[in-house]
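One structure is given below, encoded as structure tokens.
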Amino acid sequence: MTLIDANSKSSSSTQKPKDGSSSSSKPKDHHSSKSNTASKHREHSSSSSSKHKDGSKSSSHKDSNSKNKDAKKSSSSHKNENDRPNNAGEVKVKSESVSPTKLVIKTEDGRKSIKKETEDSDDDIPLAQRTNVTVKVEEDSDSSPTKKRPHRDVDSEDDEPLFARAQKAKKQKTSSTTSVKKEHSDKKRKTGPDDDEPLKKIKKEVKPDKKTAKKTDGSPKKRVKKEKVEEEVWKWWEEKPLPEGVKWMSLSHKGPVFAPEYERLPKSVKFYYDGKHVQLEEAAEEVAGFYAKMLEHDYTSKEIFNKNFFRDWRKEMTHDEKALITDLSKCDFREIGAYYKMKSEERKNMTKAEKEEIKKQNQALTDEYGFCIIDGHKQKIGNFRIEPPGLFRGRGDHPKQGMLKKRIQPETVIINCSKDVETPKPPEGHRWKQVLHDNKVTWLCSWTENIQGAIKYIMLNANSRLKGEKDWQKYEMARQLKTVVEKIRANYREDWRSKEMRIRQRAVAMYFIDKLALRAGNEKEEGETADTVGCCSLRVEHIKLYPELNGKEFVAEFDFLGKDSIRYLNQVPVEKRVYKNLQLFMDNKSPGDDVFDRLNTSILNKHLQELMEGLTAKVFRTFNASKTLQDQLNELTNPDDSVTAKILSYNRANRAVAVLCNHQRAIPKTFDKQMLNMQEKIKKKNDTIKDAKKDYKKLKGEYKSSRDDRLKSALERKKKQLERLEEQLMKLEVQATDKEENKDIALGTSKLNYLDPRISVAWCKKWEVPLEKIYNRTQREKFQWAIDMADETYEF
DNA sequence: CAAACGACTTAGAACGCCGCAT
DNA sequence: ATGCGGCGTTCTAAGTCGTTTG
């Protein structure tokens, strides 16, 4: 009755096998020939990783790091006038409306921010605050005397939005180019104000209650719901920025929600060891349960997983248990596994009412713990539940997979909130590890996880100001790169010929990061994580050089595991200089050696920083992704197309980006079947159309001879029907194409993290495609700032 | 300096729900 | 009513990058 069967599940690993039969529209430049195969990767390398980071790299310069750190952070350009909310130049009353709060300042930073505050000097209420007064003001307008430097109270600060202000700050530090830009924005500010209807509000979309929408006879209850409607949205993007480094002025929340306590198994559910029933004590039983729940998962067929699990499980056992249970393969978890399966079935089969009840309770929990009040605004928290205990599911060949992820106790949780606010209460009989009032960070709670010793956080949802502002800033940085990228390219091309090895390596790495959108590639601690690499950490074994391949000269083939152990496989024709350099870098090295032995991400980013303030490796990914989308949209969108066809074009453009960034997904298991089904449907539709056509002709003939009015209307109806059918057919065909092209590519990640949403918003407006076809509700919430500020003329 | 730490973004998988075809 | 596929949501691992520490 052994359970542990190391062979039962064959293969299947994290990375998606993939066949490169690539799809249509690819961006010309990138990835002309990417194709992934299902072969086992990385069988080599195991022993060879003798990293030779030789001493030479240490000698490199480090000169300029003590630069103007002040300037660097928040600054970002804002040259495009269209996208900037225009709310300046109005007379404003000093705001009392936003909660005056206490600022907790670490001394030197505090000086910094205060200084900044006093530099600026018009004294304005941000538009958004006024428009929003209704929402929060009353409860927050406490005029309580503030003890410590509440920034809202500080006179000064103009109300330029984030980027304009950053620009200004930059300008004050001079540099002619920026001052030009500044004039720009000033002009805009002076000319613009009247056309900006100041009280315009964004209505929050109310969660569409599908049932209500459909059923005409909505129950009274539902109607009430429907009428409630329209909350206002905080237009934080029109607000003045906080002092540099300050993330909030006031923050209050209820703390995290802990995982439910463990419930013992019923006595009837038994665990067997070596065929004999063994009653486990609570601790060991719980951990056994974690494993039992995963019996059908691939993980349990992996040796490392089992080894790690068993080691950690034994740590939870009593003395006796430990003495008895010494061999995992003699453990029989099946009853436990079946029990949990049954439980989840039970949950699925609950009645409507029961489900409703659970939902209600869940909602109540979310209402209470799912939000915080930050600077007077209620904002959603992203993850307010503390991660429950379980077995660690590392990806790829993770050396720690299967280890026990321990239950988090309040005693290990740090709370962060403002001082003047009620501290969240720890669960009965417990206390927090610490309560912090650090407004230089964005997190509400944190704890240290036991597998890697990493810190985990509770932070805000993507639609929050804190996240949105950063996101906006990210895209502005990418746009700024756009303005200098040609210079940078010329620069690194020049450096390919440098006498210094480290410069040449840096230049080649930059070329890859730029052309292939590779990640930076930090070093990782060996044995702590799966063996994956990025640009700077590429090893000789990851690159193959072909003087000629498939009719192309100087081809470099990349084959490595990147983030999440997703395989990157690409054959790229590269410039001769790059090729020669690569040969040189790889010469006389073993497979496990670093290609770029004189380079790491820190050196690289320092260099990038010198080329453009704020530039880092990842900016190239954002830039190239957004640029690709913009270019592809321009190229693929056909003005005469129907909305459906336009959306297909959009998806193709999106797909080009996903390919560039190597965003993969597992091909759905039932993909082939589904595809067949679709073909079937299309065939049927075609048949119906044929029939309809026949009918139509017949009718036409009859009408011509008889001139009967009744026939005439029948004829018209037939015609309409035919048109409908053809449209349906087209839709089906579009769907099928889309599906096929999309089978192994994940669009979501790029859409969410790499594509400047203003591009999509502008595109939708320009071509009158409903935005809902591109962004679902959550995405629209996340990109509210972009939706509000971009018009159809926006260009990345 | 380099290693460790901390905070934050990016990532695919898992989960859960809902509507549709059968 | 049932099962299934698609989709949105949640989850948390795995990156990046700056700062701190030794």
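Numbered from 1 within each chain, the chains take letters A, B, ... in sequence-line order. When reading the values below, keep in mind they use all heavy atoms of this one structure, side chains included, and skip hydrogens, waters and symmetry mates.
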Phosphate-side-chain proximity, [X] and [N], N/O vs OP1/OP2 below 4.0 Å:
X: A:His297; N: B:dA13; value: no
X: A:Gln664; N: B:dA11; value: no
X: A:Thr749; N: B:dA11; value: no
X: A:Ser602; N: C:dG18; value: no
X: A:Lys440; N: B:dG6; value: no
X: A:Lys456; N: B:dG6; value: no
X: A:His663; N: B:dT10; value: no
X: A:Arg385; N: C:dT12; value: no

Heavy atoms under 4.0 Å, any strand shown: does [X] hit a base, just sugar-phosphate, or nothing?
X: A:Lys400; result: nothing
X: A:Thr442; result: sugar-phosphate
X: A:Arg621; result: sugar-phosphate
X: A:Gly562; result: sugar-phosphate
X: A:Lys618; result: sugar-phosphate
X: A:Glu449; result: nothing
X: A:Lys355; result: nothing
X: A:Thr529; result: nothing
X: A:Ala454; result: nothing
X: A:Tyr754; result: sugar-phosphate
X: A:Gly453; result: nothing
X: A:Asn522; result: base

Any chance the rings of [X] and [Y] have centres within less than 6.0 Å?
X: A:Phe558; Y: A:Phe512; value: yes
X: A:Tyr568; Y: A:His542; value: no
X: A:Tyr369; Y: A:His253; value: no

The side chain of [X] lies closest to which of these nucleotides: [options]?
X: A:Ala617; options: B:dC18, B:dA11, C:dC17; value: C:dC17
X: A:Val441; options: B:dG6, C:dT12, B:dC8; value: B:dC8
X: A:Arg519; options: B:dG6, C:dT16, C:dA13; value: C:dT16

(request) Going by the side-chain contact (heavy atoms from CB on, under 4.5 Å) test, name the single residue among A:Thr628, A:Leu747, A:Thr622, A:Val657 that passes it with A:Leu755. (result)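 That would be A:Val657; it is the only one of A:Thr628, A:Leu747, A:Thr622, A:Val657 passing the side-chain contact (heavy atoms from CB on, under 4.5 Å) with A:Leu755.
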(request) Return yes if the base of B:dT9 and the side-chain atoms of A:Lys474 contain a donor-acceptor N/O pair under 3.5 Å, otherwise no. (result)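 Not at all, since no donor on one side and acceptor on the other fall under 3.5 Å apart.
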(message) Using only modelled atom types and a 3.5 angstrom limit, is any donor from either the side chain of A:Arg777 or the base of C:dG8 paired with an acceptor on the other?
(response)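 Under the 3.5 Å cut-off, the side chain and the base do not form any donor-acceptor pair.
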(request) Using atom CZ of A:Phe392 as one end and atom P of B:dA13 as the other, report the distance to the nearest whole Å. (result)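 Atom CZ in A:Phe392 sits about 15 Å away from atom P in B:dA13.
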(request) Whenever both distances are under 3.5 Å in a Watson-Crick or G-U wobble pair, mark it; put DNA chain C into dot-bracket that way, with [ ] for crossing pairs and | when the partner is on another strand. (result) ||||||||||||||||||||||
(message) Between A:Lys782 and A:Leu752 (side chain of the first, backbone of the second, donor and acceptor by atom type, cut-off under 3.5 Å), is there such a pair?
(response)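 Checked: pair present.
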(message) Let me spell it out: for each of A:Leu752 and A:Tyr457, pick the nucleotide of DNA chain B with the closest heavy atom. Which residue's pick is nearer the 5' end?
(response)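 Nearer the 5' end of the strand: A:Tyr457.
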